[in-house]
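Counting begins at 1 with the first residue of the sequence.
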Amino acid sequence: MNSTFETITLRPKAFSAFWLLLLSSLFVTIGIWMGVTDSWVGYLIAAFFALGILVGIVQLLPNSTYLRISHEGITCCNMFRETVIPLDDVDEFFVVVMRQNGLPIRRMVGFNYAPTYARSRMGHQVASAIAGCEGALPDTYGKKAEDLAALLNDCLHEFRTKFDRQ
């Protein structure tokens, strides 16, 4: 990263949205087939997975999902809903490995809030006890979790260096 704090925008790979569309379409088809063959549960299955089709389509729309890193903080946008986390509220970023039955199933970027951050302390303690972090990003935005955590920590370090100089 340069010495000037630039805004970086990362976007998720479209591959996962295409998979969601494909699998949801398959299950909608199966649900409709079940409904036509006298099983009303099939229509419920079709309706549920139709929502997956809608989510997949929205994720493919421009600017519906991204991670923006700037001097103001990180802006995480998912399905057009933005969440801004100021950099001075974050202590550190790190990789969290989600496990099921002891096997790693997903690597994601987690973070802990700064000790001075006082909002929702009890919630953060509960989240930390359950997941090993107080917060997490929903995607790795086309990067490996380790690389994204390193990038975010570099931005955090640069922000703190500039903030301390002023």
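- For the residue pair Ala136 and Cys133, the shortest heavy atom distance occurs at CB-SG, 4.2 Å.
- Pairing each heavy atom of Leu87 with each of Leu156, the nearest pair is O-CD1, 3.3 Å.
- Taken from CZ in Phe27 to CG in Leu22, the straight-line distance is 10.5 Å, to the nearest 0.5 Å.
- With sequence neighbours left out, Glu92 forms a salt bridge (charged side-chain N to carboxylate O under 4.0 Å, His left out) with no residue at all.
- Taking all atoms of both residues into account, the shortest heavy-atom contact from Thr7 to Ser70 is OG1-CB, 3.6 Å.
- Each side-chain hydrogen bond (donor to acceptor under 3.5 Å, both in side chains) pair with one or both residues in residues 39-66, not counting sequence neighbours, appears once here: Arg11-Asn63, Tyr66-Glu82.
- Hydrophobic clustering places Leu61 together with Val55 (ILVMFWY residues linked when any side-chain heavy atoms are closer than 4.5 Å, directly or through intermediates).
- Side-chain contact between Leu152 and Val109: present, with at least one pair of heavy atoms (C-beta onward) separated by less than 4.5 Å.
- The closest side-chain heavy-atom distance from Asn153 to His157 is not below 4.5 Å.
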* Residues Leu26, Phe49; criterion side chain to side chain contact (heavy atoms under 4.5 Å, CB included); working and verdict -> CA-CA 9 Å; Leu26 176 67; Phe49 284 100; over 6 Å; no
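- Between Asp88 and Thr116 the shortest side-chain heavy-atom distance does not fall below 4.5 Å.
- In terms of hydrophobic clustering, with Ile, Leu, Val, Met, Phe, Trp and Tyr side chains grouped at heavy-atom distances under 4.5 Å, Val36 and Leu44 are assigned to a common cluster.
- Heavy-atom minimum distance, Gly56 versus Leu20: N-CD2, 3.7 Å.
- More than 12 heavy atoms of other residues, nucleotides or ligands sit less than 6.0 Å from atom CZ of Phe94.
- For the pair Leu148/Leu137, a side-chain contact is recorded, criterion being any heavy-atom separation below 4.5 Å from C-beta on.
- To the nearest 0.5 Å, the span separating NZ on Lys144 from CD on Glu146 amounts to 7.5 Å.
- Here the straight-line distance linking atom CD1 of Ile69 with atom OG1 of Thr9 works out to 8.5 Å at 0.5 Å rounding.
- Linking ILVMFWY side-chain heavy atoms closer than 4.5 Å, directly or via other members, places Leu23 and Phe15 in a single hydrophobic cluster.
- For the ring pair (Phe, Tyr, Trp, His ring centres under 6.0 Å) test, residues two or more places apart in sequence or in another chain that qualify with Phe111 are Phe93, Tyr113.
- For residues 12-37, the set of pairs meeting the side-chain hydrogen bond (donor to acceptor under 3.5 Å, both in side chains) definition, not counting sequence neighbours, is empty.
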* Check the pair Phe18, Leu60 against side chain to side chain contact (heavy atoms under 4.5 Å, CB included), reporting the backbone distance first and the verdict last. => CA-CA 8 Å; Phe18 283 122; Leu60 290 172; 3.8 Å; yes
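- In this structure the side chain of His71 never reaches within 4.5 angstrom of the side chain of Glu158, judged on heavy atoms.
- Of all non-hydrogen atoms in Thr140 and Met108, the two that sit nearest each other are CG2-CA, 4.5 Å.
- Under the salt bridge (Lys or Arg N to Asp or Glu O under 4.0 Å) criterion, no residue pair touches residues 125-143, with sequence neighbours excluded.
- A continuous path of ILVMFWY side-chain contacts below 4.5 Å connects Ile30 to Phe48, so both sit in one hydrophobic cluster.
- Looking at heavy atoms from C-beta onward, Ile45 lies in side-chain contact with Met34 at the 4.5 angstrom threshold.
- With contacts defined as side-chain heavy-atom distances shorter than 4.5 Å, the pair Val28/Ile53 qualifies.
- Between Thr75 and Thr83 the shortest side-chain heavy-atom distance does not fall below 4.5 Å.
- Here the shortest heavy-atom pairing between Ile8 and Cys155 reads CD1-SG, 4.4 Å.
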Quiz: residues 96-105 side-chain donor-acceptor pairs under 3.5 angstrom, not counting sequence neighbours:
unit_1 : atom_1 : unit_2 : atom_2 : d
Arg99  : NH1    : Gly102 : O      : 3.4

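- For the pair Asp89 (side chain) and Ile85 (backbone), a donor-acceptor distance under 3.5 Å is absent.
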